Protein chains: 2
Amino acid sequence: MTSNKDTGASSDLETRLIEQDHHSIKLWLRLLTCSSLIERKLRTALREEFDTTLPRFDFLAQLDRVPEGLSMGELSNRMMVSGGNVSGIAGQLVKEGLISRRAVPENRRTFIVKLSPKGRRFFQKMAVRHEQWVISLLGELSMEDVNRAMGLLGKVKVTLEQN
Amino acid sequence: MTSNKDTGASSDLETRLIEQDHHSIKLWLRLLTCSSLIERKLRTALREEFDTTLPRFDFLAQLDRVPEGLSMGELSNRMMVSGGNVSGIAGQLVKEGLISRRAVPENRRTFIVKLSPKGRRFFQKMAVRHEQWVISLLGELSMEDVNRAMGLLGKVKVTLEQN
DNA sequence: CCCAGATATTTTAGATATAAAATATCATTC
DNA sequence: GAATGATATTTTATATCTAAAATATCTGGG
């Protein structure tokens with residue numbers, strides 16, 4: 001369907017606009033397909049190898065980057081999920097001893113969650129495998145293509161954040 | 001894995017491999033960020049304007065492309081979700097009169113779901129708005145960038161489907 | 001100090017998601 | 001044609017996820 005590098009004179013403005021419209025939808029669908037495929041593989045692998053889930057891994061991964069811990073709200077922003085969701089997962093991880101959760105004296109509305117030593121050890125093991133899985137999924141791509149894709153998705157991200 | 005022609009002299013092989021590894025992870029995270037952002041906007045808009053959800057929209061969208069209908073299994077494949085999930089959503093859409101669901105005489109294990117006239121009208125209205133939303137989200141990108149991104153994500157998709 | 005609004009989190013209700021077990025049907029082999 | 005395994009779907013149990021209401025705390029103007 002009407003592919004590409006047509007800088008030429010064969011299409012008028014209206015045609016080009018319509019083409020771009022369709023391509024926008026297709027780009028969105030392809031984006032969704034790619035992330036769904038990766039997500040599924042990672043979820044399956046996490047379950048099989050560590051008997052855990054992607055949201056829990058993501059939760060621990062966010063905390064691993066910030067040794068001093070994060071508030072529930074900050075975590076909710078970073079994970080791009082609702083606050084209620086973070087509350088639920090945090091409760092489980094606390095019960096499993098992977099994170100600590102304590103109130104802050106200065107502002108008693110906020111709660112800080114932080115990796116426990118056990119949680120850190122567990123995450124480290126997962127992180128190694130996680131990286132291997134992603135590399136095995138995307139490693140066939142050349143570094144040039146990865147960089148180009150990063151650049152273009154960076155533009156997409158900026159565009160999205162403006163709206 | 002790790003193909004690619006070296007362009008710069010500044011890094012040895014090992015460094016380049018590690019760089020690519022990190023870039024693979026970053027690409028995956030950026031991919032996830034982009035689709036999450038789009039998904040959230042579409043979900044919110046669908047709820048506000050049509051009081052429905054993304055999975056239901058997706059379900060109807062798949063059926064809209066195939067007037068003769070699809071089996072539950074085929075639908076599960078296309079939507080990239082589990083069969084049980086499709087069963088649940090189908091049940092609701094049947095109850096709402098948006099789709100029909102009937103057994104096939106030749107193979108009584110399979111059920112074919114199909115858009116009802118009401119469902120088709122409802123989907124058409126949503127599809128128009130859905131396209132507008134996606135365009136408003138991605139329309140700032142040049143057609144060249146959209147095409148380039150499509151091409152690269154196409155490669156990603158092929159790579160993923162091989163594994 | 002008091003109180004209205006803002007902020008941070010949890011709780012609730014309901015939809016969506018998976019995996020795995022259960023059902024039902026087909027298809028093949030003996 | 002009965003037994004066996006494959007296929008198609010649903011059911012079940014549980015985990016996520018959202019939106020919205022509820023709770024608790026802070027903040028600033030009067």
Side-chain angles (χ1 to χ4, degrees), chain A residues 32 35-37 39-60 62 69-96 98-99 101-113, chain B residues 32 35-37 39-60 62 69-96 98-99 101-113:
Chain A
L32 181 59
S35 47
S36 297
L37 286 172
E39 214 174 299
R40 172 179 305 192
K41 308 232 186 195
L42 294 180
R43 182 173 41 233
T44 303
L46 276 174
R47 163 176 298 278
E48 287 176 352
E49 197 154 329
F50 296 101
D51 192 30
T52 191
T53 63
L54 208 41
R56 290 175 199 217
F57 175 79
D58 192 20
F59 193 114
L60 298 178
Q62 298 295 339
L70 288 169
S71 72
M72 301 296 280
E74 186 56 36
L75 208 42
S76 167
N77 288 335
R78 295 195 186 208
M79 295 177 67
M80 298 199 292
V81 298
S82 68
N85 191 2
V86 172
S87 284
I89 297 174
Q92 298 182 333
L93 294 176
V94 167
K95 204 185 303 178
E96 295 169 19
L98 299 176
I99 64 172
R101 175 161 147 275
R102 57 174 184 66
V104 184
E106 307 88 88
N107 184 342
R108 290 188 319 202
R109 291 170 302 179
T110 75
F111 287 83
I112 299 289
V113 282
Chain B
L32 181 59
S35 45
S36 296
L37 285 172
E39 214 175 300
R40 172 179 306 192
K41 307 232 185 194
L42 293 180
R43 182 174 43 233
T44 303
L46 275 175
R47 192 175 44 76
E48 286 177 352
E49 195 154 331
F50 296 101
D51 191 30
T52 191
T53 64
L54 210 41
R56 290 175 199 216
F57 175 79
D58 191 21
F59 193 115
L60 298 179
Q62 298 295 338
L70 288 169
S71 72
M72 300 297 279
E74 186 56 36
L75 208 41
S76 166
N77 288 335
R78 295 195 185 208
M79 294 177 68
M80 297 200 291
V81 299
S82 68
N85 191 2
V86 171
S87 285
I89 297 174
Q92 298 182 333
L93 294 177
V94 167
K95 205 186 303 176
E96 294 170 19
L98 298 176
I99 64 172
R101 175 161 148 275
R102 58 173 182 68
V104 183
E106 309 87 88
N107 184 343
R108 290 186 321 200
R109 291 170 301 180
T110 73
F111 288 83
I112 299 291
V113 283

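Scope of the values below: all heavy atoms of this structure, side chains included, with no hydrogens, waters or symmetry mates. Quick note on labels: first sequence line is chain A, next is B, and so on, each numbered from 1. Every value quoted in this text rests on a predicted model; they were computed, and no experiment measured them.
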Self-check item: Integer-rounded Å distance: C:dT16 P and B:Phe59 CZ
Solution: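 One finds 11 Å between P of C:dT16 and CZ of B:Phe59, rounded.
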Exercise. Kindly write out the residues that satisfy ring-ring contact (aromatic ring centres under 6.0 Å, His included) with B:Phe111, not counting sequence neighbours, or none if the list is empty.
Key: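 Testing B:Phe111 for ring-ring contact (aromatic ring centres under 6.0 Å, His included), a comparison that skips the adjacent residues, returns none.
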Taking only residues two or more places apart in sequence, or in another chain, which ones meet [X] in a side chain to side chain donor-acceptor pair (under 3.5 Å)?
| X | answer |
| --- | --- |
| B:Ser76 | none |
| A:Arg108 | none |
| B:Ser71 | none |

Exercise. Identify, with sequence neighbours excluded, every residue that meets side chain to side chain contact (heavy atoms under 4.5 Å, CB included) alongside B:Thr110.
Key: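 B:Val104, B:Asn107.
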Quiz item: Taking only residues two or more places apart in sequence or in another chain, which ones pass side chain to side chain contact (heavy atoms under 4.5 Å, CB included) with A:Glu39?
Solution: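 With sequence neighbours excluded, A:Glu39 shows a side chain to side chain contact (heavy atoms under 4.5 Å, CB included) to A:Arg43, A:Leu54, B:Trp28, B:Leu32, given in chain and number order.
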Quiz item: What residues in residues 85-94 of chain A put a non-hydrogen atom under 4.0 Å from any atom of DNA chain D?
Solution: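 Under 4.0 Å from DNA chain D: A:Asn85, A:Ile89, A:Gln92.
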Quiz prompt | Most 5' of A:Gly84 and A:Arg40 on DNA chain C, judged by nearest nucleotide | solution =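 The residue whose closest nucleotide sits nearer the 5' end is A:Gly84.
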Quiz item: What salt bridge (charged side-chain N to carboxylate O under 4.0 Å, His left out) pairs are there with at least one residue in residues 76-87 of chain B, not counting sequence neighbours?
Solution: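 Of all non-adjacent pairs touching residues 76-87 of chain B, those that pass salt bridge (charged side-chain N to carboxylate O under 4.0 Å, His left out) are B:Glu74-B:Arg78.
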Self-check item: Outermost nucleotides of DNA chain D that come under 4.0 Å of a non-hydrogen atom of chain B
Solution: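 The footprint of chain B covers D:dA6 to D:dA20.
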Quiz item: Between residues 44-56 of chain B and DNA chain C, which residues have a heavy-atom gap below 4.0 Å?
Solution: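 Within this stretch, B:Thr53, B:Pro55, B:Arg56 sit under 4.0 Å of the strand.
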Practice problem: Sorted by first residue and then second, give each side-chain hydrogen bond (donor to acceptor under 3.5 Å, both in side chains) pair with at least one member in residues 48-58 of chain B; sequence neighbours left out. | Solution: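 For residues 48-58 of chain B: B:Glu49-B:Arg129, B:Arg56-B:Gln92, B:Arg56-B:Glu96, B:Asp58-B:Gln62.
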